[in-house]
**Student:** 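Below: one structure in structure tokens.
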Amino acid sequence: MSDDKQREEPVTFRDRRKVDPETGEARSNDDTGAAHAAAPGPDGTDPVAGPADGVDPEVEKLTAELAERTADLQRVSAEYANYRRRADRDREQTQLSAKVSFVTDLLTVLDDFERAEQHGDLTGPFKSTADKVTGVLTKLGLEAFGAEGEPFDPKLHEAVQHEPAEGSGPTVTVLSTVLRRGYRIADRVLRPAMVTVQERPEAEISQASGAPEAPAASGPAGDREPTTGDSGQPGSDDPA
């Protein structure tokens, strides 16, 4: 049993000679220590030298590369998101510009429709065609503005005549007459409304805008004053 155990154990040779037999030069202590450190262990395997703190340099290298690739991915993702936002914004602006260019050429046609309606000529097939054209432009986002009584806005209205207010006190500038309607798409004004303006008392405007609108009376009784008896109570003609 002892002979078999001796045969299983590897034989280790350590060169401790001070002079190299091949070159004839003297060996330094570092070479001798390196040869001694590189000698295999008792189990026949070569010892693997590692860092004193126990951290593998290969793991540190891979960790640094992972952090670098993650930063690159985040930067590319942010750049792509910004590119998509710019592309969407540019596409919307291009579509809006195309709509504005198309609709602007048809504003004079809408003016003709409006004048024909005012003179009572917008009837029959002509009215059907005008309604179809107006419907198409409305789907494209065309919006008309400018009505009598609206507050004057220099960004939307072009005043050609100004009527001063009667009396004194604070006043508000409102539209008195609309000579030509204005049109816009979204927040882009295609044409300002041509109007005449008038100064009106601020109290009158506030009262007109805040008072509830009374329902219109129907039938002949709508034009009569309510009758009252001697006691001031409503008569039989008034609703309960």
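Just so you know, residue 1 is the first one in the sequence shown, and it goes up from there. Hydrogens, waters and symmetry mates are skipped; everything else that's a heavy atom, side chains included, is used.
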**Student:** Looking only at heavy atoms, which two atoms of Asp88 and Arg91 are closest? And how far apart?
**Tutor:** OD1-NH2, 2.7 Å
**Student:** Kindly indicate, with the supporting measurements, whether the criterion side chain to side chain contact (heavy atoms under 4.5 Å, CB included) is fulfilled by Arg188 and Leu96.
**Tutor:** CA-CA 9 Å; Arg188 184 176 299 187; Leu96 180 60; 3.9 Å; yes
**Student:** Check the pair Arg86 / Asn82 against side chain to side chain contact (heavy atoms under 4.5 Å, CB included), numbers first and verdict last.
**Tutor:** CA-CA 6 Å; Arg86 290 194 303 269; Asn82 293 333; 3.6 Å; yes
**Student:** With a 4.0 Å cut-off, would you call Asp111 and Arg191 a salt bridge?
**Tutor:**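 Yes, this pair counts.
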**Student:** So how far is it from Arg184 CZ to Leu190 CG, rounded to the nearest 0.5 Å?
**Tutor:** 10.0 Å
**Student:** State the CG-CZ distance between Asp121 and Arg115, to the nearest 0.5 angstrom.
**Tutor:**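 It is 12.0 Å, given to the nearest 0.5 Å.
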**Student:** Could you tell me which non-hydrogen atom of Gly146 sits nearest to which non-hydrogen atom of Ala193, and how far apart they are?
**Tutor:** CA-CB, 4.4 Å
**Student:** Taking atom CZ as the centre, does Phe126 end up with more than 12 heavy-atom neighbours from other residues, nucleotides or ligands that are less than 6.0 angstrom away?
**Tutor:** yes
**Student:** Do Thr104 and Tyr183 pass the side chain to side chain contact (heavy atoms under 4.5 Å, CB included) test, and can you show the C-alpha distance, the side-chain angles, and the key distance before you say yes or no?
**Tutor:** CA-CA 9 Å; Thr104 302; Tyr183 293 95; over 6 Å; no
**Student:** Rounded to the nearest 0.5 Å, how far apart are CD of Glu150 and CG of Leu175?
**Tutor:**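 Going from the CD atom of Glu150 to the CG atom of Leu175 covers 5.5 Å.
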**Student:** So, the side chain of Thr171 versus the backbone of Arg200: is there a donor-acceptor pair under 3.5 Å, distance only?
**Tutor:** no
**Student:** Over all heavy atoms of both residues, which pair between Ile185 and Leu142 is shortest? Give the atoms and the distance, please.
**Tutor:**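 So the two residues come closest at CG1-CA, 3.9 Å.
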**Student:** Angle between ring planes, Phe152 versus His157, binned at 30° and 60°: parallel, tilted or perpendicular?
**Tutor:** tilted
**Student:** Output the distance between atom CD (Glu163) and atom CD (Glu199), rounded to the nearest 0.5 Å.
**Tutor:** 10.0 Å
**Student:** With a 4.5 Å limit on heavy-atom distance, are the side chains of Thr129 and Asp131 in contact?
**Tutor:** no
**Student:** Taking it one step at a time, do Gln161 and Gln198 satisfy side chain to side chain contact (heavy atoms under 4.5 Å, CB included)?
**Tutor:** CA-CA 8 Å; Gln161 184 178 353; Gln198 181 183 13; over 6 Å; no
**Student:** Are Val109 and Leu107 co-members of a hydrophobic cluster defined by side-chain heavy atoms under 4.5 Å apart?
**Tutor:** yes
**Student:** Quick check with a 6.0 Å cut-off and a 45 degree axis cone: is Arg181 positioned over the face of Phe145's six-membered ring?
**Tutor:**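 The answer is no; the distance or angle limit is not met.
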**Student:** Following the transitive rule for hydrophobic clusters with a side-chain heavy-atom cut-off under 4.5 Å over Ile, Leu, Val, Met, Phe, Trp and Tyr, establish whether Val100 and Leu156 coincide in one cluster.
**Tutor:**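 Different clusters.
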**Student:** When you compare the side chain of Leu122 with that of Lys127, does any pair of heavy atoms fall below 4.5 Å?
**Tutor:**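 A side-chain contact under 4.5 Å exists here.
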**Student:** Can you tell me how far apart NE2 (His162) and OG (Ser176) are? Round to the nearest 0.5 Å.
**Tutor:**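 Interatomic distance, His162 NE2 to Ser176 OG, rounded to 0.5 Å: 9.5 Å.
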**Student:** Out of curiosity, Gln95 CD to Asp90 CG, how far, rounded to the nearest 0.5 Å?
**Tutor:** 11.5 Å
**Student:** Other than Met194, which residues form its hydrophobic cluster under the rule that side-chain heavy atoms must be closer than 4.5 Å?
**Tutor:** Val160, Leu179
